[in-house]
Amino acid sequence: MLENLAGSFMLMLTPINLLYMLLGVSGGMMAGALPGLTATMSVALLVPFTFRMDPVTGLVTLGAIYCGAIFGGAFAAILVNTPGTPSSIGTTFDGFPLTKQGKGEEAVWAAALASASGGLIGTVILLFLAPPLASVALRFGAPEYFWVSIFGLTIVSSIAGGSLIKGFAGALLGLLISTIGLAPIGGEVRFIFGMSALQGGVSIIPALIGFFCIPEILNMVGTGLSVSQLEQHGDSIKITSFQKFKNTFKEVIRMPGNIIRSSLIGAFVGIIPGAGGNIANLVAYNEAKRISKYPQKFGTGIIDGVVATEAANNATVEGGLVPLLTLGIPGTPPAAVIFGALMLQGLRPGPELFADHAPLAYAFILSFFVANIMMFVVGIVGGKTFYEVITKLPMRILVPAIAFLTMLGSFAIRGNIMDVYTMMILGFAGYGLKELGFHPGPIVLGLILGPIAEEGLVQGYLMGPPGARWTIFFTRPISIALIILSILSLFWPIFQSKVLDADKK
Amino acid sequence: MKNEKTTINSDIISAIIIVLVAAIFGWQLYKAQMAQFGFIFPAFIIFSMVVCGIALFIKSVLKPEMLASFQKEYNLRLYLVAVFLFAWTFTLVNLGFGLASLIFFALIVLIAERKYTPKDILIAIVVSGLMVGVFYWIFTSMLLLRLPRGILF
């Protein structure tokens, strides 16, 4: 393996590959920053351009785009409270409050450093631990997927905002919206209210844009404050950008536990086929809050929250490639697109990839080290530029510009006008619910986890022994571990608040 | 007294909304008469929503969360923008993505600006033309996305 690594490193490190990686990271970042243009779309759109490239160049370019797009989502999440991709939902929780405090620049830099760290840790895992982890992922059956989604739903207790009951009600609402359209098992049509366009269900991206973006637009108009004016409400001391960068860098590297834990969560969630950055970032946020010495500060604008979500979502990039490269099973949707790109280059993902094309496979894996370092550098420079542009734009331009991009983004997903209608209707509903104290996070979490939970529940039920079908959910080792984790996660915030109260007394 | 805001019992309104949504979806589920596989999961969610609604109702009596909801500094402007956004969305097909976006982008710029001199109107048109034009070109010519075409483009 070691001789392969040295040769592959040299194969990957050519000027042309480096140039394409730089372009890929930058392009991916820009696409990721636009709500509606997901990492999957960015990678898919650029696959045709890699057909004529040398296989190594094509693959390293796609990998760089993927890394950049996942990180790019943080820009919109931090600066306009709208996740650019579903992988940065959790970044809004502390990122935007930081912007309101006048610390948006620091938040973007922290996201860049955390994303690069997450990506580098994910690459180490992909390089050295891929085969054993892929075999663990294969043990996940329907009952385990059901419990994974239940574990995911316990996060509501951390992200509910003010009221826990409203948090759970919001998650249930999200779950209910996710059931609109065809049932995953049986194929019956549900809740379409006579509109055949709803048969395909509510797509996550338009719902995500609606729930996060439209309420923010209306809020900006209602308060008359743009991001630049919100900033003046902050109490940041005027210091130079370099000093800010130095302080942020120090603050982030002082939390290695948070970075490593979140990256491991991200890599592991990415390995499980069907789960991705959209779940990983929320799980990592929940764990960071649970383990923190100051959990009550999460959601008010602290760097720890941004670091947790960004380290996790970039680690899913490499995590998602573990089952793809070792077993030929894509772990995430963009990994599925890369699967297609590999096939087009005449390479079959799976064990034979390492046997027959080892230098190429290792060159692809090693390129993530370079791409993540590039992403950090471009992220620092690009982040500052994005920050300057967003904060300098007056509200009268920012509001219609965001509205225009939300419509364009919602339409671009499937080329379906119904997605734009859905986005707008859910956006207004989201505004109303936000005014009533509902946080959009649990609603979107329900929407993401709904299909996984339903499929897991019904398929698991069908897998169970006749006469005692439900027992399958409680007898498999991974299921039992997930049940214990879910119980711990659900009751931890209550236990933690009791401990904090006792400490105060 | 200008800035004084009245608070509302947000829990009771939330409880009503949650129960109402559960009732609408529950009625649809009952009417559809589905097989077990398509029924079991939504039925469980609807039941849980009713439970949450009842819990919110009890909370609204015992310990209500009073919020100054729907009272912003510029409520009229907010409602106007909301109407424009709604109209923008629902005219995309008939007017076309480009034209609808040009019109409503400019209208929102004007509403947010609150200045209506010929110069301001011209600026609004130029800004919206540039923004819509650039992104329209990127999405249709570079990303080859077929945006809805209406009466003009």
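Since we're looking at a predicted model, the values are computed, not measured. For the numbers below, each heavy atom of this structure counts, side chains included, while hydrogens, waters and symmetry mates do not. A, B, ... follow the sequence lines: proteins, then strands. Residue 1 opens every chain.
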[X] versus chain A, heavy atoms under 4.5 Å apart: side chain, backbone, both or neither?
{"X": "B/Ile18", "answer": "side chain"}
{"X": "B/Leu67", "answer": "side chain"}
{"X": "B/Leu80", "answer": "neither"}
{"X": "B/Phe90", "answer": "both"}
{"X": "B/Ile45", "answer": "both"}
{"X": "B/Phe25", "answer": "both"}
{"X": "B/Leu107", "answer": "neither"}

Expected list for residues 417-438 of chain A: side-chain donor-acceptor pairs under 3.5 angstrom, two or more places apart:
{"unit_1": "A/Asp419", "atom_1": "OD1", "unit_2": "A/Arg414", "atom_2": "NH2", "d": "2.8"}
{"unit_1": "A/Asp419", "atom_1": "OD2", "unit_2": "A/Arg414", "atom_2": "NE", "d": "3.0"}
{"unit_1": "A/Thr422", "atom_1": "OG1", "unit_2": "A/Met418", "atom_2": "O", "d": "2.6"}
{"unit_1": "A/Glu435", "atom_1": "OE1", "unit_2": "B/Phe70", "atom_2": "N", "d": "2.6"}
{"unit_1": "A/Glu435", "atom_1": "OE2", "unit_2": "B/Lys72", "atom_2": "NZ", "d": "3.0"}

Please report, to 0.1 Å, the donor-acceptor pairs under 3.5 Å made by any side chain of residues 174-198 of chain A, with sequence neighbours excluded.
{"unit_1": "A/Ser178", "atom_1": "OG", "unit_2": "A/Leu175", "atom_2": "O", "d": "2.5"}
{"unit_1": "A/Thr179", "atom_1": "OG1", "unit_2": "A/Leu176", "atom_2": "O", "d": "2.5"}
{"unit_1": "A/Glu188", "atom_1": "OE2", "unit_2": "B/Ala35", "atom_2": "N", "d": "2.8"}
{"unit_1": "A/Arg190", "atom_1": "NE", "unit_2": "A/Thr179", "atom_2": "O", "d": "3.2"}
{"unit_1": "A/Arg190", "atom_1": "NH1", "unit_2": "A/Glu454", "atom_2": "OE2", "d": "2.6"}
{"unit_1": "A/Arg190", "atom_1": "NH1", "unit_2": "B/Gly38", "atom_2": "O", "d": "2.9"}
{"unit_1": "A/Arg190", "atom_1": "NH2", "unit_2": "A/Thr179", "atom_2": "O", "d": "3.3"}
{"unit_1": "A/Arg190", "atom_1": "NH2", "unit_2": "A/Glu454", "atom_2": "OE1", "d": "3.0"}
{"unit_1": "A/Arg190", "atom_1": "NH2", "unit_2": "A/Glu454", "atom_2": "OE2", "d": "3.4"}

Exercise. Considering only heavy atoms and a distance below 4.5 Å, find which of B/Ala32, B/Ser101, B/Ala82 pairs most often with chain A.
Key: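 Option with the greatest count: B/Ala82.
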Quiz item: What are the two closest non-hydrogen atoms of B/Trp88 and A/Pro400, and how far apart are they?
Solution: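 Result for this residue pair: CH2-O, 3.8 Å.
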Quiz item: Of the non-hydrogen atoms in A/Leu172 and B/Cys52, which two are nearest, and what is the gap between them?
Solution: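 Looking at all heavy atoms of both residues, the shortest contact is CD1-SG, 3.7 Å.
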Quiz item: What option among A/Ile397, A/Leu408, A/Leu218 has the most heavy-atom pairs under 4.5 Å with chain B?
Solution: A/Leu408
Exercise. Answer yes if the side chains of B/Lys59 and A/Ser163 hold a donor-acceptor pair under 3.5 Å, and no otherwise.
Key: no
Quiz item: Do A/Lys166 and B/Asp11 touch side chain to side chain, with heavy atoms closer than 4.5 Å?
Solution: yes
Exercise. Against chain B, label A/Ala453 side chain, backbone, both or neither, depending on which of its atoms sit under 4.5 Å from a heavy atom there.
Key: both
